[in-house]
Amino acid sequence: MKLYDTLSRKLIDLEKKPGEKIAGYVCGITPYDEPHLGHVRTALVFDLFRRYVKAQGYKPVFVSNFTDVDDKIIERSAELSIHPFALAEIYERLYYKLMDFLNVEPLYAYIRVSQVIPDIIEAIKQLIDKKHAYVTPDGVYFSVSSFPYYGELSARKVEDISLLESRVEPSPFKKDPRDFALWKSRKTNETVWWHSPWGDGRPGWHIECTVISVKFAGFPLDFHGGGSDLIFPHHENEKAQSEALMGQKPFARVWMHTGMLRIGKEEMHKSLGNFIGATEIMAKYDPDVVRYLLLSTYYRDPVTFSEEVYNQAANTVNNLRSYFERLDWVSRDGEARTRVVSLVTSAKETFHSALEDDLNSSAALAEVHKLITQLRVEDLNISEASIVKQFLTHALRTVFGLRLTKDGKVDESLIQDMVELRNDFRKQKKFSEADAIRNMLLRHSIVLEDTKDGTRWIRE
RNA sequence: GGCGCCUUGGCCGAGCGGUUAGGCACGGGACUGCAAAUCCCUGUAGGGCGGUUCGACUCCGCCAGGCGCCUCCA
């Protein structure tokens with residue numbers, strides 16, 4: 001399997017055999033507010049990746065984190081007068097709920113920063129011993145000049161970085177403006193802090209990912225992922241720390257970055273008022289459609305979310321569901337013809353080679369659509385329908401994570417009674433009565449279809 | 001200012017130096033009591049200007065437009 005690597009700007013072959021582990025780390029969220037569609041896009045990309053390698057027989061060991069120790073959490077929880085960890089817990093739970101709604105399979109581990117404080121302290125100690133970090137009155141800083149490869153991931157010249165005006169309040173104790181905090185000394189009033197050899201305080205933003213990934217996914221990682229907005233400074237810093245700490249390169253064999261989600265022409269931001277959060281997603285959108293929409297594009301490119309695009313995806317998903325469901329209606333006996341078998345076989349091959357090629361999900365989905373147009377349901381016999389269904393189950397359910405069903409609360413036997421009643425009316429040419437039944441069912445999203453083999457119904 | 005990305009038919013969106021991507025929508029037809037669904041048919045696009053080539057949407061250069069990052073961010 002080949003993946004595009006941000007660092008080398010080339011496709012890298014993972015060179016794994018089925019049965020082997022694929023271990024990686026995906027930067028998670030800071031649970032200070034609702035997770036949003038942008039987080040969803042990244043989660044879905046790695047879910048597709050994980051589902052695919054799992055289906056191919058690899059053992060995915062994907063690790064992620066919750067940044068529950070952070071400036072924003074502290075600020076927000078102070079505003080709300082609740083404990084920072086309580087705030088984090090609220091949004092962690094919402095995140096899990098959202099993932100469940102979207103049919104995202106749980107990763108191998110989700111680790112909170114607060115769970116690995118002793119490991120973080122140990123890592124900082126080692127960095128200080130190796131002269132990659134220094135202690136100051138307001139914290140411990142990583143010394144960028146001690147690491148010669150700094151800037152290679154984000155393709156920046158270190159001199160440029162040092163010239164920049166820092167958005168963060170510069171510390172008077174930094175030896176170099178590019179240096180970043182590994183440990184922040186406790187300010188008065190702060191409620192979240194730990195003892196350390198350098199005084200009470202808490203970890204800086206980047207060190208957690210180094211520690212969690214090394215501890216739970218190993219070194220080097222097969223891949224390291226996250227949104228493309230994290231390339232600088234977060235991943236650059238994380239890489240510097242990790243490689244300095246371990247005394248070897250690379251930290252990750254492949255750096256994978258997902259493109260940003262846009263609403264209309266703009267990137268989604270709370271401040272722009274185009275924020276689509278977890279509760280809104282779960283209330284308004286169909287998880288299959290969200291998955292299809294966000295996975296039908298190349299993961300590194302930006303993807304735009306709009307009503308129009310959503311509706312297009314919704315139609316596509318409905319058609320897929322309909323085809324999938326109609327496979328169960330096939331009743332003709334027979335052996336599977338070689339033409340059908342070979343079309344399915346080659347679709348499967350193309351589907352897989354598309355995903356092998358840097359997760360080309362649009363090409364993979366195109367292959368599914370192509371097979372569907374080549375094999376109309378009414379031309380299939382039972383054995384053929386079963387082969388097709390097996391492939392679609394694998395491709396769309398197992399790999400793409402679509403459920404392909406809509407759960408209804410309507411009793412099926414009741415629907416069957418209604419269908420029979422309506423057909424009695426039709427035989428008696430009482431069409432307005434028949435239509436009344438059809439309309440009534442339609443209001444419960446049950447659509448009737450009169451075929452040559454009788455009346456069928458489907459949930460829409 | 002620095003680094004990088006993008007521009008494909010009404011919309012979304014791939015691959016590829018010379019053969020139909022695919023989807024959604026639209027239109028025509030078949031079927032139907034009417035519908036719905038389904039089936040059949042229909043679209044030859046690739047920002048602009050040059051260059052390389054027998055041949056470019058695909059490679060190179062320039063221009064135009066759009067976007068991202070440059071210590072909050074998935």
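The chains referred to below are lettered A, B, ... by the order of the sequence lines, with proteins before strands, and numbering in each begins at 1.
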Partners of A:Arg51 by side-chain hydrogen bond (donor to acceptor under 3.5 Å, both in side chains), sequence neighbours excluded? A:Asp47
Check for me whether A:Lys175 meets the cation-pi criterion with A:Tyr141, that is, NZ or CZ under 6.0 Å from the six-membered ring centre and within 45 degrees of the ring axis. no
Closest of B:C73, B:A37, B:A14 to the A:Lys72 side chain is B:C73
Do A:Arg9 and B:C5 have a side chain to base donor-acceptor pair shorter than 3.5 Å? no
Under the 3.5 Å rule, do the base of B:A74 and the side chain of A:Thr42 count as making a donor-acceptor pair? yes
Specify the separation, in whole Å, of atom CZ of A:Phe351 and atom P of B:A21. 22 Å
Answer yes or no: does a side-chain N or O of A:Trp457 lie under 4.0 Å from OP1 or OP2 of B:A37? no
When the distance from OH of A:Tyr298 to P of B:C16 is rounded to whole Å, what number comes out? 11 Å
In whole angstroms, the gap separating C1' of B:G68 from CG of A:Leu230 amounts to 13 Å
Decide yes or no, distance alone: a donor-acceptor N/O pair under 3.5 angstrom between the base of B:G33 and the side-chain of A:Asp435. yes
N or O in side chain of A:His39 less than 4.0 angstrom from B:A74 OP1/OP2: yes
Based on Watson-Crick and G-U pairs with both distances under 3.5 Å, what dot-bracket line describes RNA chain B 5' to 3', crossing pairs as [ ] and inter-strand pairs as |? (((((((..(((.....[...)))..((((.......)))).....(((((..]....))))))))))))....
Give a yes or no on whether a donor-acceptor pair under 3.5 Å exists between the nucleobase atoms of B:A35, that is its base, and the side chain of A:Arg438. yes
What about A:Asp450: does its side chain form a donor-acceptor pair under 3.5 Å with the base of B:C34? yes
Using OP1 and OP2 only, check whether a side-chain N or O of A:Asn319 sits under 4.0 Å from B:G23. no
Can you find a donor-acceptor N/O pair under 3.5 angstrom joining the side chain of A:Glu308 to the base of B:C11? no
Just to verify, which of A:Asp68, A:Ile212, A:Val69 counts as forming a side chain to side chain contact (heavy atoms under 4.5 Å, CB included) with A:Arg112? A:Asp68
Would you mind reading off the distance between A:Ile458 atom CD1 and B:A35 atom P, rounded to a whole angstrom? 20 Å
